[in-house]
2 protein chains.
Amino acid sequence: MARPQQQKPDTPQRILDVAEQLVQVRGFNAFSYADVAAQLGITKASLHYHFPGKAELGQALIARYAQRFGQALAQIDSETEDAWAKLAAYAGLYAGALSSQRMCLCGMLAAEYETLPKPIRDAVVTFFDDNETWLERVLDQGRTDDALRFEASARETARMIISGLEGAMLVSRPYGDIARFRATAETLLASLAATDGRLPARNRVKRRS
Amino acid sequence: MARPQQQKPDTPQRILDVAEQLVQVRGFNAFSYADVAAQLGITKASLHYHFPGKAELGQALIARYAQRFGQALAQIDSETEDAWAKLAAYAGLYAGALSSQRMCLCGMLAAEYETLPKPIRDAVVTFFDDNETWLERVLDQGRTDDALRFEASARETARMIISGLEGAMLVSRPYGDIARFRATAETLLASLAATDGRLPARNRVKRRS
DNA sequence: GTCTATAGGCAGATAGAC
DNA sequence: GTCTATCTGCCTATAGAC
């Protein structure tokens, strides 16, 4: 009888997996088709069959990343109504990447922004816009529920959170210390607490699988 | 009589000026000796005379940058005793770089951290450490003076500020909108205000020359 | 779909004349 | 100090066999 083959994603997905990791760790300008090919045990020429050029690979990379990120946000929405828990889970998405020495893909691309092809640039901006929109809604809800307190607009506060978390990844990574990121994220989010004092333990920034 | 020559920095300094701008805008991995040589109207070989390799050039770059940054912090200390004004001036240092589409040099290098030679990595970490130390002192003083209010430790709060400003540069730059950075920086710093409400106008984040 | 082979360019770097 | 000339290696990318 037919035994199920060992689960093995199709080649384009495996290429994206490897390339994604390389970009998040080393940057778009510091990885090559040769790197990806070596890790997969195939040739550079095969990569060009699936993704004609580095620009197209980059576009596919960010498109998939943004889609997954959107799904993660939707899952957070489905898991809790608590604005606090949503913010902690949001920060946990960043912590998860950092736990493998990865930057946020779009944070990395933002650093390299001036060197990127136009389609990738546009996708980076769209990613930040979407994050902002989601956070803005969470913040508005949290304020309505008296779970959060902040004086700036929800939009400005959303931008502060994105900047704070992206920056915390950027700065923490050289220290090779996830705890440092978590502490900074917690300090940042704690400034939005409706009650003074630290977050309850259940709302601490955790890594998400 | 001897007329003063047109002021023209010596070659190593001019090389560093050009390379610094290129790294801040494009990144360490996305600029070449050819780029610098072209901008200066000299050859690549001449660059190698002054800086044997890219690694040495990078070290010289960050050493000079860190020294200048330290001088800027000392100047801030000499200009005002007000912790609020110091924080605003500190944020202004970042805004100044961003006004020419530049990232903080060390923020850019932090993104590329995993690809950098060891000496440059160490210098990046030292840069952040020094910033943290300076901010920590300002924050302690501001709390003592009742000019600032924050619940986390001065050290954690310093890290939050560095992360927030580095991240705000990173995220704002793709939008090509300095006002966006200033607004985020102001939101971040406003959360440290001893009195609720917005900063007085004189303490808004300004660009520093 | 994956391979071998190779093109064409640019990277960092060096030797040696001036 | 700056140049010309050159080296070696890696890069992205393509042609064409299997």
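Just so you know, these numbers come straight off a predicted model, no measurement behind them. Reminder, nothing fancy here: chain letters follow the sequence lines and each chain counts from 1.
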- Item | chain B footprint on DNA chain D, 5' to 3' - any atom under 4.0 Å from a heavy atom | D:dG1 to D:dT4

- Message: If I take atom OG1 from residue B:T11 and atom CG from residue B:L40, how far apart are they, to the nearest 0.5 angstrom?
- Response: 8.0 Å

- Query: What pair of heavy atoms forms the shortest contact from B:A185 to B:L165, and how long is it?
  - Reply: CB-CD2, 3.7 Å

- Query: Could you go step by step and tell me if B:L73 and B:D130 meet the side chain to side chain contact (heavy atoms under 4.5 Å, CB included) rule?
  - Reply: CA-CA 10 Å; B:L73 298 185; B:D130 291 346; over 6 Å; no

- Stacked cation flag B:R26 on B:F31, 6.0 angstrom / 45 deg: no

- Residues of residues 39-52 of chain B with a heavy atom under 4.0 Å from any atom of DNA chain D, listed by number, are B:G41, B:I42, B:T43, B:A45, B:S46, B:Y49, B:H50

- Where at least one partner belongs to residues 49-59 of chain B, residue pairs that pass salt bridge (Lys or Arg N to Asp or Glu O under 4.0 Å), sequence neighbours excluded: none

- Query: If every non-hydrogen atom of A:Q24 is compared with every non-hydrogen atom of A:R173, which pair is closest and at what distance?
  - Reply: O-NH1, 3.6 Å

- Whole-Å distance separating the OH atom of B:Y33 from the C1' atom of C:dT14: 13 Å

- Item | Lys NZ or Arg CZ of B:R121 over B:Y113 ring: under 6.0 Å, within 45° | yes

- Item | Over all atoms of both residues, closest heavy-atom pair of A:A158 and A:E132 | CB-O, 3.8 Å

